[in-house]
Amino acid sequence: MSSKVHTKYICSNCGAETLKWMGRCPQCGEWNTLEERVETMAPKSLGPSLSANLQSNAKPQKLSAIHFNGDKRILLHMNEVDRPLGGGIVKGSVILWGGEPGIGKSTLILQICHAMASQGERVLYCSGEESEIQVKLRAERLHVNDENCYIYAGSSIDGILQEAENLKPSMLVIDSIQTMYISGVYSPMGSPAQIRDCTSALVRFAKRTNISVMIVGHVTKEGNLAGPRILEHMVDVVFYLEGDRSYQFRVLRTVKNRFGSTAESGLFVMEGNGLKGIEDPSKYMLRNRSESAPGSMVVACMEGLRPVLVEMQALTVHSVLAIPRRIAAGYDYNRMNLLIAVLEKRAGYFFGNLDVYVNIVGGIALRDTACDLSVCLSMVSSLLDRPVSDKLIAIGEVGLGGEVRSVPNLEQRLHEAERIGFERAVIPKHSLNHLNPADYPGMQLVGAAYITDAINALKSDRL
Ligand code: TYD
Ligand code: MG
């Protein structure tokens with residue numbers, strides 16, 4: 001059979017296609033991202049299982065005539081995974097798991113396999129990175145030894161789909177998409193062309209057979225899944241497992257979810273025998289907190305839809321450098337500089353000849369602007385070398401004018417602080433009008449309109 005071959009160039013950043021090679025992608029403007037892809041116009045070479053996937057006989061159906069019997073989800077009984085999924089795995093869905101190498105993706109997915117297999121659901125775990133023995137060793141560490149869990153070490157998507165076709169599992173795992181290849185695509189494993197075609201074959205397979213597919217993808221050094229837009233468009237759910245590898249704390253963030261809220265997240269701690277969901281995140285994050293030292297404060301941030309209290313520390317010391325050092329660990333460096341500028345201009349505290357260090361304890365990365373007020377107060381506390389009362393919490397965003405602005409989910413943050421034992425809260429003055437103090441019987445609410453008011457409130461406390 002003569003097959004027609006033609007060449008295309010695909011941008012590894014945005015997935016745009018051109019017929020000619022160019023130094024710069026005409027769509028996204030990135031340089032040197034166009035990669036050659038040779039295509040053979042012979043769909044039969046994809047093999048019978050894949051060409052059968054193409055649903056050419058699909059007909060339009062009335063929305064009212066499509067019935068949903070309600071048992072389309074499989075609950076894993078792993079709270080920290082079920083909740084971000086929107087209440088369990090939807091049958092036939094394709095879930096992409098991104099994350100840095102070594103963060104715990106394979107571990108978490110093997111635990112999910114166990115959760116499924118122990119309910120009598122068959123699972124096929126395909127690894128292109130590890131041998132069966134290596135997967136078995138990990139499974140022993142996790143105490144996973146299920147009859148219904150099948151391991152397959154291979155890299156050919158055609159072979160994997162054939163095995164899945166025979167085995168008819170409830171879930172198919174591909175670990176990782178960068179180590180897979182499909183026939184008919186003459187690009188190396190891990191190239192955008194291979195990733196795209198392997199994923200699209202898996203998506204078609206999932207929709208046709210109603211088997212859920214979990215795809216593991218490693219992130220590039222820029223923090224994107226290789227060929228980011230290409231992959232994220234194609235799948236139903238995108239999760240990122242994040243964390244600092246030198247800590248045990250991990251966050252499962254939802255980037256996209258066609259069946260649930262992307263505001264949900266899962267919190268885990270990596271232990272010797274796998275990832276364990278954290279039931280009470282605030283207690284976990286504050287477990288090592290001793291009496292307040294100067295510069296130490298507790299911030300109430302939102303992790304997904306849940307409030308979590310986290311300890312943060314600031315340290316200001318006399319600088320011996322011409323340009324003082326500013327270091328932020330777990331916090332946005334530019335935001336820290338902005339807050340320092342506000343404190344200098346609006347409150348009269350000068351950091352010009354001081355090195356400033358801000359550290360978020362426990363390996364969590366804070367992105368919540370509601371922590372601004374705490375960051376400011378802890379820097380002032382360190383500057384004055386006087387501790388903040390450990391019964392006091394501050395919640396609010398700080399503007400460039402030094403004003404304290406209201407923040408979302410204030411009520412939940414306050415309830416969480418009250419539950420943990422905080423007795424006084426400095427909050428935006430504007431928000432005070434909308435709150436009923438009787439809702440917080442164990443807590444005194446203090447309104448601050450400007451950063452200076454918040455600093456005065458602290459001074460009248462113990463600062
Ligand atoms: P892994 O799941 O292999 O990461 P990924 O698939 O994202 O590359 O996890 C590897 C790390 O997790 C490794 O450094 C060891 C650690 N680990 C534990 O701490 N406890 C465990 O029970 C397991 C299985 C791994
Ligand atoms: Mg892995």
Side-chain angles (χ1 to χ4, degrees), residues 251 253 263 265 281-282 285 295-314 326 328-349 351 356 358-361 364-383 388 392-418 420 422 424-435 437 439-440 443-459 461 463:
V251 185
R253 250 179 249 289
S265 62
S282 299
M285 296 310 291
S296 163
M297 268 198 95
V298 170
V299 297
C301 62
M302 294 300 290
E303 195 47 75
L305 295 176
R306 275 181 302 174
V308 180
L309 302 191
V310 182
E311 183 184 354
M312 65 139 311
Q313 300 168 325
R326 302 280 148 95
Y331 192 68
D332 183 26
Y333 173 80
N334 292 325
R335 190 89 199 156
M336 175 185 77
N337 278 328
L338 183 148
L339 295 175
I340 291 174
V342 172
L343 282 175
E344 292 206 352
K345 184 83 178 171
R346 309 290 173 204
Y349 290 94
F351 295 85
V356 182
V358 168
N359 177 38
I360 311 299
V361 179
I364 193 168
L366 284 194
R367 296 168 192 173
D368 197 339
T369 49
C371 305
D372 287 357
L373 198 54
S374 298
V375 176
C376 288
L377 294 181
S378 57
M379 287 193 290
V380 172
S381 155
S382 178
L383 186 82
V388 180
L392 189 138
I393 195 157
I395 306 167
E397 182 180 328
V398 175
L400 292 185
E403 74 279 16
V404 179
R405 295 172 167 270
S406 49
V407 298
N409 309 102
L410 181 62
E411 292 88 340
Q412 281 149 285
R413 296 177 206 253
L414 287 172
H415 282 304
E416 181 72 356
E418 193 182 14
I420 296 293
F422 285 85
R424 205 163 173 228
V426 182
I427 59 170
K429 189 161 192 186
H430 180 70
S431 306
L432 209 51
N433 308 330
H434 308 294
L435 294 177
D439 291 342
Y440 311 92
M443 203 177 225
Q444 183 198 356
L445 303 180
V446 183
Y450 288 92
I451 180 77
T452 40
D453 301 336
I455 295 170
N456 290 338
L458 282 188
K459 284 182 169 167
D461 213 68
L463 187 76

Exercise for the section: Could you tell me whether L400 atom CG has more than 12 heavy atoms of other residues or ligands within 6.0 Å of it? Expected result: no

From [atom1] ([X]) to [atom2] ([Y]), nearest 0.5 Å:
X	Y	atom1	atom2	result
N359	S296	CG	OG	10.5 Å
D368	N409	CG	CG	8.5 Å
S265	M302	OG	CE	9.0 Å
C371	I360	SG	CD1	7.0 Å

Could you check whether any side-chain heavy atom of [X] comes within less than 4.5 Å of a side-chain heavy atom of [Y], counting everything from C-beta outward?
X	Y	result
S378	M312	yes
L339	Y331	yes
V361	M285	no
I393	L309	yes
I427	L410	yes
L392	M297	yes
R306	E416	no
I340	M336	yes

Problem - With sequence neighbours excluded, residues passing side-chain contact (heavy atoms from CB on, under 4.5 Å) with R405 - result: E397, E403

Throw together a table of side-chain donor-acceptor distances under 3.5 angstrom for residues 445-455, partners on residues two or more places apart or in other chains.
from: D453; atom 1: OD2; to: A449; atom 2: N; distance (Å): 3.0
from: D453; atom 1: OD2; to: Y450; atom 2: N; distance (Å): 3.0

Problem - Side-chain (R253) to main-chain (G304) donor-acceptor, under 3.5 angstrom - result: no

Fill in the blank from the handout: Contacts of R335 meeting side chain to side chain donor-acceptor pair (under 3.5 Å) (sequence neighbours excluded), chain-then-number -> D372

Problem - R367 with E303: basic N within carboxylate O range, under 4.0 Å - result: no

